[in-house]
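Each remark here refers to the structure printed beneath this line.
Start at 1 and go down the list; that is how both ligands and their atoms are numbered. The figures here come from the full heavy-atom set of this structure, side chains too, leaving out hydrogens, waters and symmetry mates.
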Amino acid sequence: MPDSTPLRLLIIGAHPDDAEGRCGGLMTIYRQAGHVVKWISVTNGDAGHHLISGPELAKIRDQESASATAVIGAEYEIWDAHDGQLEPTLEMRWQVIRAIRTFKPDLVLTHRNCDYHPDHRAVAQLVQDASFSVTVPAIVPDTPALSKDPVVAYMADTFTRPTPLRADICMNVDDYRDTINEMFSCHVSQAFEWLPFNRGVADTVPAEEEERNKWLLESFMPHLYGDVADAFRKELIANYGEDIGKDVKFAEVYEISEYACPLDDEKRERFFWFLPD
Ligand SMILES: [Zn+2]
């Protein structure tokens, strides 16, 4: 009998839009199959804007996160570390250990520790430091230890130094791009304000909502999911065949961490049942 227990997916990111910006397809597929999806943002995102900051921005980002996760019925939790100031301290490691032990995920997604953003690198370090430790009862004894590590996977980036991401899992998520776009569009302060401002394209964002969402899908999301598709085109073609693989517009790629539970064949089939053989 195949195991019908719902899977538990936990995304540990640095900022409140990291999950929707990097793994919206997998989140959607899991929710549609009745699995449990939650993301944690270790910082409250209070530096992610050019006009507002501090508690006012943190509150806005919390409201945006509620809207984004409601699109697919995911859970979220925002911690109170300041955006841009995260350090992989021992206290923060304990908090990550408690969170993993409490949620009991089958699969954890997080950042790699070669990444442009210091908060992303800090989260990567925290999750790596929590791996194995989650199974050690004498570490953080106030929260019962797990009997084994979850599988940990790194969300895609296109950085190459010191090493590019290894495409252990390579997904065409074109069928989910409208949902991904709808989720990301809820992060208004990011999708339509801060990120376009930071990239010097704020004047190209339409004012009207429908036009704005179309702009997001066609002009901005390609920088998130499209760049991944282009960087891993060879792997997409290997997985989906030339005809489909060459035309994939939105992709998600994951590397399995060697510091936690390996992804054996049984887990691969159970966690990624929707992939071609
Ligand atoms: Zn981020």
Side-chain angles (χ1 to χ4, degrees), residues 9-27 37-50 52-54 57-69 74-89 92 95-96 99 108-128 130 152-159 165 173 180-181 183-201 216 220-228 231 250-255 257:
L9 172 64
L10 180 64
I11 300 136
I12 305 179
H15 306 111
D17 59 324
D18 285 339
E20 283 84 12
R22 289 162 188 259
C23 47
L26 188 60
M27 289 167 67
V37 175
K38 175 176 180 173
W39 62 245
I40 290 171
S41 174
V42 176
T43 81
N44 60 14
D46 63 357
H49 206 274
H50 48 300
I52 38 178
S53 62
L57 180 58
K59 190 173 172 205
I60 290 169
R61 299 200 66 179
D62 181 62
Q63 291 162 345
E64 292 171 347
S65 300
S67 303
T69 49
E75 303 165 31
Y76 78 99
E77 190 176 307
I78 299 176
W79 293 356
D80 58 5
H82 292 299
D83 187 350
Q85 301 180 31
L86 189 64
E87 291 181 295
T89 61
M92 198 55 88
Q95 198 169 329
V96 171
V108 173
L109 308 178
T110 193
H111 304 285
R112 281 205 304 164
N113 55 16
C114 46
D115 187 296
Y116 78 107
H117 202 297
D119 292 345
H120 294 178
R121 294 198 299 274
V123 168
Q125 189 67 54
L126 287 164
V127 174
Q128 183 174 322
V152 174
Y154 303 119
M155 303 183 285
D157 60 64
T158 55
F159 300 111
L165 185 91
V173 296
I180 297 169
N181 200 62
M183 288 194 285
F184 202 76
S185 72
C186 295
H187 295 283
V188 173
S189 69
Q190 307 302 297
F192 305 119
E193 297 171 7
W194 164 239
L195 295 173
F197 172 85
N198 185 249
R199 290 171 191 218
V201 295
L216 184 66
F220 192 82
M221 294 301 267
H223 291 299
L224 298 172
Y225 293 85
D227 286 358
V228 171
F250 277 30
E252 287 173 29
V253 173
Y254 298 97
E255 175 178 329
S257 166

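Within the coordination shell of the Zn ion (ligand 1), defined by N, O or S atoms under 2.8 Å, His111 is absent. The distance from the Zn ion (ligand 1) to the nearest N/O/S atom of His117 is not under 2.8 Å.
The Zn ion (ligand 1) lies closest to atom ND1 when only the N/O/S atoms of His15 are considered. Atom NE2 is the N, O or S atom of His120 at the shortest distance from the Zn ion (ligand 1). Nearest N, O or S atom of Asp18 to the Zn ion (ligand 1): atom OD1.
A salt bridge does not link Arg61 to Asp46: none of the charged nitrogens lies less than 4.0 Å from a carboxylate oxygen.
Using cut-offs of 30° and 60° on the angle between ring planes, the pair Phe250 and Tyr225 is parallel.
In summary, the side chains of Asp17 and His187 do not present any donor paired with an acceptor at a separation below 3.5 Å, with no hydrogens or angles considered.
Counted within 6.0 Å of CD on Glu77, heavy atoms from surrounding residues, nucleotides or ligands total more than 12; the atom is thus considered enclosed.
Checked against a 6.0 Å centroid threshold, the rings of His117 and His15 count as neighbours.
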